Amino acid sequence: MAVTGILLVLFLILHMLGNLKVFTGETSFDHYAHWLREIGTPLLPSTWYLWIQRTVLAVAVLAHIGAATVLSMRAHAARPVPYAHRRKIHVNYAARTMRWGGVIILLFVIYHILDLTTGHLNPQGDPANPYGNVVADFAPERWYVTLFYVLALVTLGFHLRHGAFSAFRSLGQQTPKGERRARSAALVFAVVLVAGYLVVPFAVLTGLVA
Amino acid sequence: MNLTLRIWRQRGPEDKGRMVTYQVDDVSPDMSFLEMLDVLNERLILQGEEPVAFDHDCREGICGMCSLMINGEAHGPQRGTTACQLHMRQFSDGDTIDIEPWRARAFPVVKDLVVNRNAFDKIIAAGGYITAPTGSAPEAHSVPVAKNNADAAFESAACIGCGACVAACPNGSGMLFTAAKVTQLSLLPQGQPERYTRVIGMVDAHDEAGFGGCTNIGECAAACPKGIPLNTIGRLNRDYLKATSKRAGTPGS
Ligand code: HEM
Ligand code: SF4
Ligand code: FES
């Protein structure tokens with residue numbers, strides 16, 4: 001769970017930084033998307049790097065989901081008879097929404113790839129012009145798409161907040177003081193990451209990026 | 001105080017069980033929760049009915065026998081308090097109180113509110129001990145222990161094995177108990193020889209008993225009457241990682 005999660009988090013950081021390139025203008029962003037396909041050339045044939053990265057991510061996602069499924073199944077098996085009076089919840093909301101949150105994020109990623117990578121669900125869908133795709137995607141009249149992105153990203157924020165803390169703990173964070181630090185670090189990270197993603201749709205919505 | 005109780009009644013391990021409603025009147029706020037159940041049981045016996053079976057022994061918060069899920073909270077609403085030390089002043093007149101046994105596959109119901117917590121004994125048997133010469137007590141000062149280690153070990157040693165952590169855990173995991181027992185020994189010099197075989201053995205026994213896996217939620221530490229902190233599980237994880245990377249899990253390696 002922790003190791004595959006960290007791989008996905010690394011991708012999320014790079015992807016967020018890459019997205020922020022929309023603020024450097026159309027040519028620069030499109031050039032960046034083109035460069036992504038050329039990483040490693042001439043050592044590797046064109047798009048090979050991208051496909052290697054996609055394979056690593058796909059394996060990490062599958063392993064992450066696999067581990068989550070095992071944990072969920074064990075949890076169900078461990079309590080065959082439920083409580084008549086629902087258990088009171090004392091601790092954080094983020095930890096309690098990991099499973100459904102994960103499912104929502106997965107559905108989002110599928111939609112998102114069909115939207116901005118393959119272009120099938122994008123109003124423009126021009127692989128040579130990702131900048132235009134993003135601008136067309138988050139146009140004000142398509143507010144429902146932006147809303148869906150916002151909801152998915154907030155879910156992702158909750159997922160990361162508990163996920164990051166939990167990864168520290170699983171990898172052996174062990175002191176009470178360290179626990180406070182790990183919790184704050186996870187919270188700050190989740191907020192910064194979600195904000196870093198959300199500025200893009202909002203910039204398009206408000207006309208800052210057009 | 002007059003109270004309505006909804007209590008889990010189950011004749012034996014094979015019975016399906018159900019919630020049964022009882023009325024208890026004239027409860028004093030100074031009674032403990034278990035005394036209130038005693039009052040109910042005396043009445044049931046006088047009426048020729050089967051009294052409610054519930055576990056208890058010390059009634060002073062040290063044996064860990066009392067194991068009641070009260071209104072969805074392990075050991076009831078008061079933090080850091082076992083059910084036997086809970087007083088009726090925590091409730092108000094006219095309240096309806098749901099009382100259930102711990103729910104876990106590893107803790108099968110024996111009768112009514114009594115569960116079998118033998119799974120915990122199996123975890124202890126798999127490594128919750130040290131090898132020490134028996135006989136006369138050794139000179140206490142012969143093995144120095146760093147103060148912070150002694151304090152953290154003592155904090156873990158406060159675990160009374162009640163099982164509230166399992167009952168409260170959404171995953172039905174017994175990791176807080178296991179971690180308390182692992183770290184209580186692994187923080188002390190006396191626990192070093194078996195340190196890495198212990199953690200593997202105890203975690204394996206935990207998983208075999210049918211407890212769920214820990215996802216670091218923290219309901220256990222909130223429910224624990226002895227305040228075992230959540231970071232104890234981090235200490236167990238650290239030992240477990242070391243043990244697996246050292247391949248120290250196999251005795252003799
Ligand atoms: C507002 C936020 C986001 C924007 C504007 C955005 C934008 C984009 C764009 C333009 C692409 C296509 C890049 C290309 O083909 O060159 C892309 C691909 C992708 N995005 Fe996002 N993204 C956002 C959030 C996310 C989030 C939160 C996740 C994961 C949870 C994610 C996962 C992916 C994946 C897996 C790909 C495919 C990568 C590949 O083809 O190898 N994105 N995104
Ligand atoms: S860790 Fe706390 S809740 Fe769990 S068995 Fe020990 S005393 Fe009870
Ligand atoms: S009866 Fe001993 S701890 Fe409650």
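Throughout, a chain's letter reflects where its sequence line sits, starting with A, and its residues are numbered from 1. Please read all numbers here as calculations on a predicted model, not as lab measurements.
When only modelled atom types and interatomic distance are considered, B:Y240 and B:R235 share no side-chain donor-acceptor pair under 3.5 Å. In this structure, a donor-acceptor pair under 3.5 Å is absent between the side chains of A:Y32 and A:N19. Under the 3.5 Å distance criterion, with hydrogens and angles disregarded, no donor-acceptor pair is assigned to the side chains of B:R6 and B:T21. Checking B:S67 against B:D55 by side-chain atom types alone, no donor-acceptor pair falls below 3.5 Å. Side-chain atoms of B:Q85 and B:H75 include no donor-acceptor pair closer than 3.5 Å. Donor-acceptor pairing under 3.5 Å is recorded for the side chains of B:W8 and B:Q10. Checked by atom type, the side-chain pair A:S170/B:N237 shows no donor-acceptor distance below 3.5 Å.
Looking at B:R18, neither its backbone nor its side chain comes within 4.5 Å of chain A, counting heavy atoms on both sides. Neither the backbone nor the side chain of A:F168 comes within contact range of chain B, judged by heavy atoms closer than 4.5 Å. Contact annotation for A:R180: neither backbone nor side-chain heavy atoms come within less than 4.5 Å of a heavy atom of chain B. With a 4.5 Å cut-off on non-hydrogen atoms, B:A222 touches chain A through its side chain but not through its backbone. Contact of B:E219 with chain A is made through backbone and side chain together, with heavy-atom distances under 4.5 Å. Heavy atoms of B:A167 lying under 4.5 Å from chain A belong to its backbone as well as its side chain. Heavy atoms of B:I217 lying under 4.5 Å from chain A belong to its backbone as well as its side chain. The part of A:R86 that comes within reach of chain B is its backbone (N, CA, C, O), which places non-hydrogen atoms under 4.5 angstrom from that chain. A:H90 touches chain B through backbone and side chain together, each having a heavy atom under 4.5 Å away.
Contact count versus chain A (heavy atoms, under 4.5 Å) is highest, among B:A104, B:P170, B:G213, B:G172, for B:P170. The greatest number of non-hydrogen atom pairs below 4.5 Å with chain B, out of A:G178, A:A77, A:G172, is found for A:G172. By number of non-hydrogen pairs under 4.5 angstrom with chain A, the leading residue of B:I233, B:N71, B:D207, B:L236 is B:N71. Chosen from A:V81, A:T175, A:L171, A:L71, the residue pairing most often with chain B at heavy-atom distances under 4.5 Å is A:V81. Ranked by heavy-atom pairs under 4.5 Å with chain A, the list B:A168, B:G210, B:G174 is led by B:A168.
Taking all atoms of both residues into account, the shortest heavy-atom contact from A:Y83 to B:P101 is CE2-O, 3.5 Å.
Between B:F91 and B:F33, the ring-plane angle classifies as tilted under the 30° and 60° cut-offs.
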